[in-house]
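These notes concern the structure reproduced below.
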Amino acid sequence: MSKSIESAAANGRITLVGAGPGDADLLTLRAIKRLQAADVVLYDDLAGEDFMAYLDPNAEMVAVGKRAGHPSPRQDEVSRLAISYALRGKHVVRLKAGDPTLFARADEELRAAREAGIAVEIVPGITTATAAAATIGASLTKRGVARRVQFVTGHDVDGRLPRDLDLAALADATATTCVYMGKATFPALAAQLIARGLDAATPAVMVESLGSDTTNVERGTVSELAARLTADRPAGPCMILYGAALEEQR
């Protein structure tokens with residue numbers, strides 16, 4: 001073939017689409033248009049199922065979601081699958097929960113597509129942190145109180161708390177910190193942050209199963225939330241927020 005794999009086999013392409021927190025009402029118009037035009041959709045299980053209403057009846061759907069502690073396809077396998085469809089001239093939508101550019105391995109999928117000579121586009125989605133703030137009726141920033149927001153992942157590739165976190169920055173209560181995928185490691189993180197000077201009484205909120213019918217909100221302090229997660233870890237995915245800006249939500 002050659003000639004850039006024959007123009008990526010007659011114009012096959014990949015679109016990384018942000019599904020938001022799982023509520024189809026929060027899909028962007030561009031996301032809906034790309035879903036309607038898709039030949040194949042590789043979707044995360046956290047993306048929900050309501051998006052299926054926007055698909056062409058002939059579109060192929062393939063579940064490729066990854067959940068901690070459960071058997072799931074490796075990232076390189078997902079990338080190879082998307083590329084194989086695109087090389088057959090298909091428009092492939094890689095539907096990701098939240099926003100593709102935040103803790104969603106978009107960098108690996110972008111690199112794989114570009115190395116294969118396949119056109120790739122990113123359609124942003126509402127990230128879980130901002131959706132969680134909206135759910136609890138809070139602002140992540142607050143004039144004179146919180147002028148900075150920081151996003152951090154709660155686990156490394158081995159499922160443990162990352163060892164290279166900037167603990168000094170994360171212990172700053174004047175920033176609003178949004179912890180993704182941290183329900184298993186937040187107790188350990190909280191202990192390290194308190195040792196670094198974070199007030200144990202700093203306001204904290206956990207939103208479980210955001211965007212679903214079983215959404216649950218737990219409010220308290222950093223130490224209280226850490227204690228709850230130590231005693232009873234929730235079954236659903238969780239977003240954890242903490243910082244002085246959340247004071248009114250306690």
Side-chain angles (χ1 to χ4, degrees), residues 16 18 21 44-46 64-79 96-112 127-133 140 146-210 218 220-246:
L16 308 183
D44 289 344
D45 52 358
L46 296 182
V64 294
K66 288 179 278 296
R67 296 287 291 272
H70 295 77
S72 55
R74 295 200 322 256
Q75 182 56 52
D76 58 347
E77 295 172 343
V78 175
S79 295
K96 294 175 172 288
D99 182 274
T101 67
L102 278 172
F103 306 120
R105 302 184 180 179
D107 56 321
E108 298 173 47
E109 296 181 3
L110 288 167
R111 182 173 63 251
T127 188
T128 312
T130 55
L140 294 177
R147 292 190 174 92
R148 184 163 59 88
V149 178
Q150 49 194 5
F151 299 154
V152 63
T153 178
H155 74 74
D156 212 333
V157 292
D158 59 3
R160 299 179 182 178
L161 187 68
R163 297 171 180 80
D164 58 352
L165 294 175
D166 186 344
L167 295 174
L170 297 178
D172 179 5
T174 66
T176 304
T177 301
C178 310
V179 185
Y180 291 70
M181 302 169 286
K183 67 180 180 182
T185 59
F186 188 72
L189 176 60
Q192 294 187 39
L193 296 179
I194 291 169
R196 286 290 186 116
L198 180 69
D199 187 343
T202 298
V205 182
M206 179 177 69
V207 184
E208 178 191 358
S209 300
L210 183 63
E218 296 280 346
T221 66
V222 165
S223 61
E224 289 170 346
L225 194 55
R228 289 180 204 171
L229 288 170
T230 299
D232 183 21
R233 189 182 305 171
C238 296
M239 167 58 61
I240 298 170
L241 313 172
Y242 66 87
L246 301 173

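Residues Ala97 and Asp44 come closest through the heavy atom pair N-OD2, 3.4 Å. The two residues Ala129 and Met239 make their nearest non-hydrogen contact at N-CE, 3.8 Å. The two residues Ala244 and Pro203 make their nearest non-hydrogen contact at CA-CD, 4.5 Å. Residues Thr185 and Gly159 share a closest heavy-atom pair of CG2-O, 3.8 Å. Closest of all the heavy-atom pairs between Ala226 and Ala190 is CB-CB, 3.8 Å. Pairing each heavy atom of Gln150 with each of Thr177, the nearest pair is NE2-OG1, 2.7 Å.
Under the 3.5 Å distance criterion, the side-chain polar atoms of Thr176 are left unmatched by any main-chain donor or acceptor of Ala245. Glu208 contributes a side-chain N or O that, together with a main-chain N or O of Gly236, makes up a donor-acceptor pair within less than 3.5 Å. Lys183 places no side-chain N or O within donor-acceptor distance of the main-chain N or O of Leu229, the cut-off being under 3.5 Å. Using modelled atom types, no side-chain atom of Lys96 and backbone atom of Gly18 make a donor-acceptor pair closer than 3.5 Å. In this structure, Thr202 contributes its side chain and Leu198 its backbone to no donor-acceptor pair below 3.5 Å.
Using a 4.5 Å cut-off on side-chain heavy atoms (C-beta onward), Arg228 and Glu218 make contact. Within the 4.5 Å cutoff, the side chain of Leu16 has heavy atoms near those of the Glu109 side chain. Using a 4.5 Å cut-off on side-chain heavy atoms (C-beta onward), Thr221 and Leu225 make no contact. Looking at Cys178 and Val149, their side chains come closer than 4.5 Å, going by heavy atoms from C-beta outward. Counting heavy atoms from C-beta outward, Thr230 and Phe186 have side chains that stay 4.5 Å or more apart. Within the 4.5 Å cutoff, no side-chain heavy atoms of Leu165 are placed close to those of Thr153. Pro234 places a side-chain heavy atom less than 4.5 Å from the side chain of Met206.
Here Thr127 pairs with Tyr180 under the side chain to side chain donor-acceptor pair (under 3.5 Å) rule; sequence neighbours left out.
Annotation: the span from Gln75 atom CD to Glu108 atom CD amounts to 5.0 Å, rounded to 0.5 Å. Rounded to the nearest 0.5 angstrom, Met181 CE and Cys238 SG are separated by 12.0 Å. The OG1 atom of Thr128 sits 12.5 Å away from the CD1 atom of Ile240 when rounded to the nearest 0.5 Å.
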Exercise for review: For side chain to side chain contact (heavy atoms under 4.5 Å, CB included), just list the numbers for Val179 and Tyr242, CA-CA rounded to whole Å, side-chain angles, deciding distance to a tenth of an Å, and then say yes or no.
Suggested key: CA-CA 8 Å; Val179 185; Tyr242 66 87; 3.9 Å; yes
Check your understanding: Given Asp107 and Thr101, is the side chain to side chain contact (heavy atoms under 4.5 Å, CB included) satisfied, shown in steps?
Key -> CA-CA 8 Å; Asp107 56 321; Thr101 67; over 6 Å; no
Practice item. For side chain to side chain contact (heavy atoms under 4.5 Å, CB included), just list the numbers for Leu161 and Asp156, CA-CA rounded to whole Å, side-chain angles, deciding distance to a tenth of an Å, and then say yes or no. Key: CA-CA 6 Å; Leu161 187 68; Asp156 212 333; over 6 Å; no
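With respect to the salt-bridge test (charged N to carboxylate O, under 4.0 angstrom), the residues Asp158 and Arg163 qualify.
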Just distance, no hydrogens or angles: give the donor-acceptor pairs under 3.5 Å from side chains in residues 168-175, sequence neighbours left out.
unit_1: Asp172; atom_1: OD1; unit_2: Thr174; atom_2: N; d: 2.9
unit_1: Asp172; atom_1: OD1; unit_2: Thr174; atom_2: OG1; d: 2.6
unit_1: Asp172; atom_1: OD2; unit_2: Arg148; atom_2: NH2; d: 2.6
unit_1: Asp172; atom_1: OD2; unit_2: Thr174; atom_2: OG1; d: 3.1

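Residue pairs that meet the side-chain hydrogen bond (donor to acceptor under 3.5 Å, both in side chains) test with at least one member in residues 186-200, sequence neighbours left out, do not exist here.
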